[in-house]
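Every number for a ligand or one of its atoms is a count from 1 in the order of the listing. These numbers were taken from a predicted model, which means no experiment stands behind them.
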Amino acid sequence: MTDSSEANSQAVTPAAAEGRAAPSDEQEHWWTKWLVLIFVVTLLAGILFGYDQGVIAGALNGMTKEFDLSSTMKEVITSWVTLGALFGALVAGMLADRLGRRTAILLAAALFTAGALLESLAPDTAVLVVGRLVVGFGVGVASVAAPLYAAETAPTHLRGRFVSSYQLAITIGIFVAYVVDWALTNSDSWRVMLGVSAVPAVLLLIAAWPLRDTPRWYMKAGRRDDAREALLRIRDADQVENDLDGIQSALDKGEEASWKEVFGKDLRKPLSIAIGLAVFQQFTGINAIIYYANEIFADAGFNTPQEQAAATTWSIGAVNVVATFIAIAYIDRFGRKPLLQAGLVGMGLSLTVVGISFLFLDDSSTHASDAGIVTLVALVVFIASFAFSLGPVTWTVINEVFPNRVRGRAVSVATAVNWLSAWVVSQFFLTLVDLIGPSATFWLFATFSAIAFVWIWLRVPETKGKSLEEIEAMLLPSEQQPEGS
Ligand code: BGC
């Protein structure tokens with residue numbers, strides 16, 4: 001990396017470290033204000049993602065009573081959010097590239113609001129299903145646009161934290177959904193459970209409204225003045241022109257990317273990294289546990305619905321939130337790879353133990369047995385290990401590895417693959433358990449953890465502390481590198 005590309009980079013390591021005059025207090029205050037708002041938008045988008053994913057487990061009972069749902073209808077109502085999200089994620093890349101990241105977030109918020117109202121006021125199952133699809137579509141759009149916005153706006157030395165805070169919000173959303181489900185399980189308040197998500201959706205609309213788009217998107221759209229203004233809100237004034245030149249030189253390599261280019265030879269490396277992480281994040285079993293925790297705890301000897309709900313809420317929901325803080329604290333310090341590898345060791349070992357303890361579970365037991373307790377502890381280790389590694393780091397890396405010109409579309413492909421993998425796992429987990437038994441199913445997840453460990457070791461580069469343009473230079477074939485690298 002030459003000096004000129006260093007200067008061109010959008011790195012905003014603290015001014016002093018770069019030998020520049022430190023920004024005035026007033027400037028710092030100004031940045032902080034906008035960065036906090038961007039942070040809040042990222043958080044709200046993640047909370048909605050998590051809540052909408054988690055809430056259905058508790059809502060299903062009441063719905064089934066009111067509409068006399070068949071099993072097929074129950075499956076449709078549960079899983080079509082994921083399918084909606086899959087399509088939302090695919091379209092989101094194009095929307096985020098054409099209309100901007102901010103507009104895509106606003107659209108997602110509007111869809112959430114409309115979908116939540118449709119669901120909670122639904123007079124019949126048809127409207128309910130449409131509501132689920134609309135919400136899913138919004139979840140998909142937000143799952144692309146929000147981390148993209150965060151990655152493109154955050155100062156380099158905070159980027160990992162910004163994107164991980166999105167994951168933190170997902171975990172908070174899941175936790176809140178578990179608590180709401182737990183609190184309302186015995187009533188039939190499914191309309192309240194689903195309607196509640198309109199509140200953060202409206203807050204997201206309000207919070208995202210005053211934001212500008214990302215400087216990188218404005219530059220891509222040829223709007224340098226807008227890009228400058230957006231950067232001035234969050235950067236030191238004397239650095240802005242350098243940053244703009246850096247973004248421009250990365251963009252100068254060509255026209256707006258086509259879909260063909262997203263799958264072309266030049267992007268093979270970043271695309272395989274992003275898709276690999278997206279698949280491994282799901283095939284190591286996280287959502288089997290998030291969705292079916294109650295059933296797993298029932299098999300492990302937690303007999304009453306209350307016991308199961310409590311075990312799920314605290315040992316899965318709360319641990320998931322708490323352990324995500326480890327990633328936020330260390331992702332920009334230790335780097336992405338060490339967190340991923342440490343997490344995968346914990347996940348692989350704990351899944352192996354869950355598999356073993358299922359061999360010793362006694363179906364007829366009326367209380368949580370020793371094997372049941374071992375299962376619980378191993379699941380806590382699994383969730384904690386996921387929450388500081390594959391959970392947040394996947395989203396961070398997916399949003400860092402692509403060149404500016406193609407980032408929107410390429411991120412949406414990786415995100416859609418993540419949703420597809422989530423759908424596959426949640427759809428077939430119970431079937432797999434019936435077919436090969438729980439022990440072998442958990443060992444299969446453990447095997448995927450081991451493969452992921454080796455693959456990450458060999459294939460995933462460290463992106464900590466590098467500007468997005470530096471990462472672009474590192475991952476493109478040498479003849480494609482931006483000038484000055
Ligand atoms: C995954 C979700 C998962 C969640 C659990 C996210 O990173 O993409 O599928 O439910 O983590 O915390």
Just grab all the side-chain hydrogen bond (donor to acceptor under 3.5 Å, both in side chains) pairs involving [range], residues at least two apart or on different chains.
| range | result |
| --- | --- |
| residues 318-346 | D332-R336, R336-E400, R336-T463 |
| residues 161-178 | none |
| residues 278-288 | Q281-N418, Q282-N287, Q282-N418 |

**Prompt:** Is the distance between the ring centroids of F87 and W423 less than 6.0 Å?
**Reply:**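 Aromatic pair excluded; centres sit 6.0 Å or further apart.
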
**Prompt:** Do F448 and W443 make the cut of ring centroids closer than 6.0 angstrom?
**Reply:**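 No, the ring of F448 stays outside the 6.0 Å limit from the ring of W443, centre to centre.
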
**Message:** Under a 3.5 Å distance rule, please check whether R409 uses its side chain to pair with a backbone N or O of M94 as donor and acceptor.
**Reply:**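 No.
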
**Prompt:** Using a threshold of 4.0 angstrom between heavy atoms of the protein and any atom of ligand 1, which residues qualify?
**Reply:**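 The answer is Q53, Q167, T171, I174, Q281, Q282, N287, N320, F386, G391, W395, N418, counting any residue whose heavy atom sits under 4.0 Å from ligand 1.
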
